[in-house]
Amino acid sequence: QVQLVESGGGLVQAGGSLRLSCAASGRTFSTYAMGWFRQAPGKEREFVATIKWVTGITYYGDSAKGRFTISRDNAKNTVYLQMNSLNPEDTAAYYCAAALSPDVGLRMARVYDSWGQGTQVTVSS
């Protein structure tokens, strides 16, 4: 279906910024939306942000609003997550995901069909 490769994770201090990238390949023309989720050890996978591929409409989780920005480059089949004002609570593995079928529940991980391997983001205090 769609293969996803994340990059851009790393170690930053609280208050810093990081930009994640997710490059998609394969049947990207079938993509309805691409999103970012994160998961820390022992915690549930959390919705961060998603973007509808054609319209560019975005949705954000509560933890991301006002700090994170999701965007896409259609020509490059790449989605980005710009993270500003990072705090230690943002420490997690961040996963890129692609949804192939129209669905209103884009905040739910189960509607996504393809997932990347994840990139680690660590925020120190």
Side-chain angles (χ1 to χ4, degrees):
Q1 293 180 340
V2 178
Q3 293 76 50
L4 306 172
V5 179
E6 302 102 332
S7 62
L11 175 65
V12 296
Q13 293 189 17
S17 299
L18 211 57
R19 183 180 178 88
L20 306 183
S21 299
C22 175
S25 61
R27 302 183 76 255
T28 57
F29 55 85
S30 298
T31 300
Y32 175 68
M34 294 184 66
W36 290 94
F37 292 76
R38 68 186 187 185
Q39 188 168 27
K43 298 183 65 177
E44 297 291 331
R45 183 160 296 190
E46 178 187 13
F47 169 73
V48 177
T50 192
I51 183 168
K52 294 183 178 181
W53 200 250
V54 174
T55 65
I57 296 174
T58 59
Y59 304 91
Y60 293 94
D62 291 339
S63 63
K65 291 180 179 178
R67 300 187 301 131
F68 296 178
T69 302
I70 188 171
S71 62
R72 70 191 186 334
D73 187 326
N74 302 67
K76 295 182 178 180
N77 292 317
T78 300
V79 65
Y80 306 94
L81 183 68
Q82 178 67 46
M83 304 185 293
N84 299 325
S85 301
L86 288 164
N87 55 63
E89 300 85 76
D90 297 314
T91 296
Y94 284 70
Y95 298 89
C96 178
L100 303 182
S101 300
D103 200 298
V104 297
L106 292 175
R107 290 177 168 82
M108 308 180 73
R110 68 169 184 262
V111 309
Y112 292 85
D113 303 281
S114 300
W115 294 82
Q117 293 298 308
T119 184
Q120 180 66 38
V121 172
T122 302
V123 184
S124 64
S125 59

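Numbering of residues begins at 1 and proceeds along the displayed sequence.
- Judged as a salt bridge (Lys or Arg N to Asp or Glu O under 4.0 Å), not a single pair has a partner in residues 2-12 (not counting sequence neighbours).
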**OP:** Kindly determine whether Met83 and Leu81 satisfy side chain to side chain contact (heavy atoms under 4.5 Å, CB included), including the steps that lead there.
**Re:** CA-CA 6 Å; Met83 304 185 293; Leu81 183 68; 3.8 Å; yes
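- In this structure Thr31 satisfies the side-chain hydrogen bond (donor to acceptor under 3.5 Å, both in side chains) test with no other residue, sequence neighbours excluded.
- Applying the side chain to side chain donor-acceptor pair (under 3.5 Å) definition to pairs two or more places apart or across chains, none involves residues 101-110.
- Tyr95 pairs by the side-chain hydrogen bond (donor to acceptor under 3.5 Å, both in side chains) definition with nothing, not counting sequence neighbours.
- With sequence neighbours left out, the side-chain hydrogen bond (donor to acceptor under 3.5 Å, both in side chains) criterion links Thr69 to no other residue.
- At a threshold of 4.5 Å between side-chain heavy atoms, the hydrophobic network of Ile, Leu, Val, Met, Phe, Trp and Tyr places Leu106 and Val48 in two separate groups.
- What you find for Asn84 and Gln82 is that their closest heavy atoms are OD1-NE2, 3.0 Å.
- Atom CG in Asn77 sits 10.5 Å away from atom CG in Leu4 (nearest 0.5 Å).
- Using a 4.5 Å heavy-atom threshold, the side chains of Thr122 and Gln120 count as touching.
- Criterion: ILVMFWY side-chain heavy atoms under 4.5 Å apart, direct or through other members. Under it, Phe47 and Ile51 are not part of a common hydrophobic cluster.
- A pairwise comparison of heavy atoms in Val12 and Ser17 identifies CG1-O, 3.8 Å as the closest pair.
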Return a table of donor-acceptor pairs under 3.5 angstrom between the side chains of residues 32-43 and protein atoms on other chains or two or more places apart.
residue	atom	partner	partner atom	Å
Arg38	NE	Glu46	OE1	2.8
Arg38	NH1	Asp90	OD1	2.8
Arg38	NH1	Tyr94	OH	2.9
Arg38	NH2	Glu46	OE1	3.3
Arg38	NH2	Ser63	OG	3.3
Gln39	OE1	Arg45	NE	3.4
Gln39	OE1	Arg45	NH2	3.2
Gln39	NE2	Lys43	O	3.1

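- The OG1 atom of Thr50 sits 13.5 Å away from atom CE of Met108, with the distance rounded to the nearest 0.5 Å.
- Residues Val2 and Asp113 form no side-chain contact, since every pair of their non-hydrogen atoms from C-beta on lies 4.5 Å or further apart.
- Listed by first and then second residue, the salt bridge (Lys or Arg N to Asp or Glu O under 4.0 Å) pairs involving residues 7-22 amount to none (not counting sequence neighbours).
- Asn87 meets the side-chain hydrogen bond (donor to acceptor under 3.5 Å, both in side chains) test with no other residue; sequence neighbours excluded.
- The two atoms that bring Trp115 and Tyr112 nearest to each other are NE1-O, 3.6 Å, heavy atoms only.
- The disulfide (SG to SG under 2.5 Å) contacts involving residues 59-125 comprise Cys22-Cys96, where partners must be two or more places apart or lie in separate chains.
- Cluster partners of Leu11: none. The rule joins Ile, Leu, Val, Met, Phe, Trp and Tyr whenever side-chain heavy atoms lie under 4.5 Å apart, and it links nothing here.
- Across every non-hydrogen atom of Thr78 and Ser21, the tightest pair is CG2-CB, 4.4 Å.
- Residue pairs that meet the salt bridge (Lys or Arg N to Asp or Glu O under 4.0 Å) test with at least one member in residues 54-65, sequence neighbours left out, are Asp62-Lys65.
- Contact record, Pro88 with Ser125: CG-CB, 4.0 Å, taken as the closest heavy-atom pair.
- The ring pair (Phe, Tyr, Trp, His ring centres under 6.0 Å) pairs that include a residue from residues 56-81 number zero, where partners must be two or more places apart or lie in different chains.
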